[in-house]
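Read the structure below first, then the notes.
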Amino acid sequence: MNLNTVTKIRRPGSLDEIGSWRPSYAWLAGGTWLFSEPQIATDTLIDLDSLGWTPLTATPDGLEIAATCRVADLHAFKGPPEWKAVPLFRDCIDAFLMSFKIWNAATIGGNIVMSLPAGAMISLTAALEGVCTLWPRDGAPRTAPIVDFVTGNHRNVLQPGELLRSIHLPATALAKRYAMRQMSLTRLGRSAALIVATVDDDGLDFLLTITASTPRPIHLRFERIPTAAELRHAIDERLPAEGYFQDVHGSAAYKQHITYYFAEQIRAELA
């Protein structure tokens, strides 16, 4: 879609070139949402591509994912053999509903910043205990766990002009075993539920991550793999019936049901 209100595109070599932030500015990464509908309040796009951030940086501490990393780049990432959770990258990416153009243009940061319940990169990075680095317009960089970054449907902790710089996935999470289940109303459609659990090889540190069926990601952590009754009780304690996200992709009651169903399937698989 043409954005008829945009009169300027800036391609800075560094963020110092931006100066003061105006409400009519918008960061541009892949642009898959920006160019999907009119942006009547926006007159200037600031292209992050010109900053030249390295998409993926693997170190012994984990994986640093630049906010401008393309979906296609993350899908192609292999990682060292001890990072057993890397195939989850492709599992979550395959839960996207996207054309080949989006596949090659959409960014990891863009999907996270949109902060939709069905954001597959939110599901991925929350399940792998990701931590965001945020760059405020004024002040020192700050960090926030992905599970706390998203606060609701299309809501997050970003302040005006603040930028998501990167997401760090710790090596400890990448080394875990995992199981995932996802449900859509159609074979290629928006997720009604996307549930992931990770656990150490010895059965300790079991982490269940509930997304898509809830407005924001939910973590349930156990010292060891729980029993079916323990898991069901923990879900009920954290998620009352009104805590599920109801939309055209499923009622709250339906999403609660498949959350229970998938969580137990995952628990049994990892046990």
Would Thr57 and Thr59 count as a side chain to side chain contact (heavy atoms under 4.5 Å, CB included) here? Give the steps. CA-CA 7 Å; Thr57 305; Thr59 71; 4.2 Å; yes
Item to complete: Kindly determine whether Gln246 and Ser251 satisfy side-chain hydrogen bond (donor to acceptor under 3.5 Å, both in side chains), including the steps that lead there.
Response: CA-CA 5 Å; Gln246 180 162 301; Ser251 67; 5.0 Å; no
- Query: Can you check side chain to side chain contact (heavy atoms under 4.5 Å, CB included) on Ser184 and His249, steps first, answer last?
  - Reply: CA-CA 8 Å; Ser184 301; His249 303 280; over 6 Å; no
Does the pair Glu269 and Arg267 meet the rule for a side chain to side chain contact (heavy atoms under 4.5 Å, CB included), with working shown?
-> CA-CA 6 Å; Glu269 178 179 330; Arg267 185 204 66 81; over 6 Å; no
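Across all their heavy atoms, Phe245 and Pro215 have their closest contact at CB-N, 3.8 Å. The nearest pair of heavy atoms linking Cys69 to Pro55 is CB-O, 3.6 Å.
Side chain of Glu230 to backbone of Thr227: a donor-acceptor contact under 3.5 angstrom is found.
Sorted by first and then second residue, the side-chain hydrogen bond (donor to acceptor under 3.5 Å, both in side chains) pairs involving residues 107-116 (not counting sequence neighbours) are Ser115-Asn156. The side-chain hydrogen bond (donor to acceptor under 3.5 Å, both in side chains) pairs that include a residue from residues 133-145 are Arg142-Glu162, where partners are two or more places apart or lie in different chains.
With a 4.5 Å cut-off on side-chain heavy atoms, Pro117 and Arg190 count as touching. Proximity of Ile108 to Val71: side-chain heavy atoms (C-beta onward) are separated by under 4.5 Å at one or more points. The shortest side-chain heavy-atom distance between Tyr178 and Val199 does not fall under the 4.5 Å cut-off. Using a 4.5 Å heavy-atom threshold, the side chains of Trp27 and Leu164 count as separate. Put simply, the side chain of Leu169 does not reach to within 4.5 Å of the side chain of Glu129, judged on heavy atoms. Side-chain contact between Ile18 and Ile46 is present, with at least one heavy-atom pair separated by less than 4.5 Å. Asp94 is not listed as a side-chain neighbour of Phe89, based on a closest heavy-atom distance of 4.5 Å or more. Looking at heavy atoms from C-beta onward, Glu242 lies out of side-chain contact with Gln256 at the 4.5 angstrom threshold.
The hydrophobic cluster containing Val157 also contains Ile122, counting ILVMFWY residues as joined when their side-chain heavy atoms lie under 4.5 angstrom apart, directly or transitively. No path of Ile, Leu, Val, Met, Phe, Trp and Tyr side chains, each step under 4.5 Å between heavy atoms, connects Ile218 with Leu124, placing them in separate hydrophobic clusters. Connection of Leu128 to Val150 is established within a shared hydrophobic cluster, with ILVMFWY side chains joined at heavy-atom distances below 4.5 Å, either directly or through further cluster members. Using a 4.5 Å cut-off between side-chain heavy atoms of Ile, Leu, Val, Met, Phe, Trp and Tyr, with links allowed through other members, Leu158 and Val131 fall into different hydrophobic clusters.
In this pair, Trp21 and Tyr25 present their aromatic rings perpendicular. The plane angle is above 60°, beyond the 30 to 60° band.
Within the model, atoms CZ of Arg22 and OG1 of Thr44 stand 5.0 Å from one another, a figure rounded to the nearest 0.5 Å. The line from OG1 of Thr209 to CD1 of Ile146 is 11.5 Å long, rounded to the nearest 0.5 Å. Here the CG-CD1 distance, from Leu208 to Ile225, works out to 12.0 Å after rounding to the nearest 0.5 Å.
The environment of Glu223 atom CD is sparse: at most 12 non-hydrogen atoms of other residues, nucleotides or ligands sit within 6.0 angstrom.
Seen from the ring of Tyr260, Arg232 counts as a face-on cation partner, given the 6.0 Å and 45° thresholds.
The closest side-chain donor-acceptor pair between Ser166 and Glu64 falls under 3.5 angstrom.
For the side-chain contact (heavy atoms from CB on, under 4.5 Å) criterion with Arg216, the lone passing option out of Asn153, Asp148, Thr211 is Asp148.
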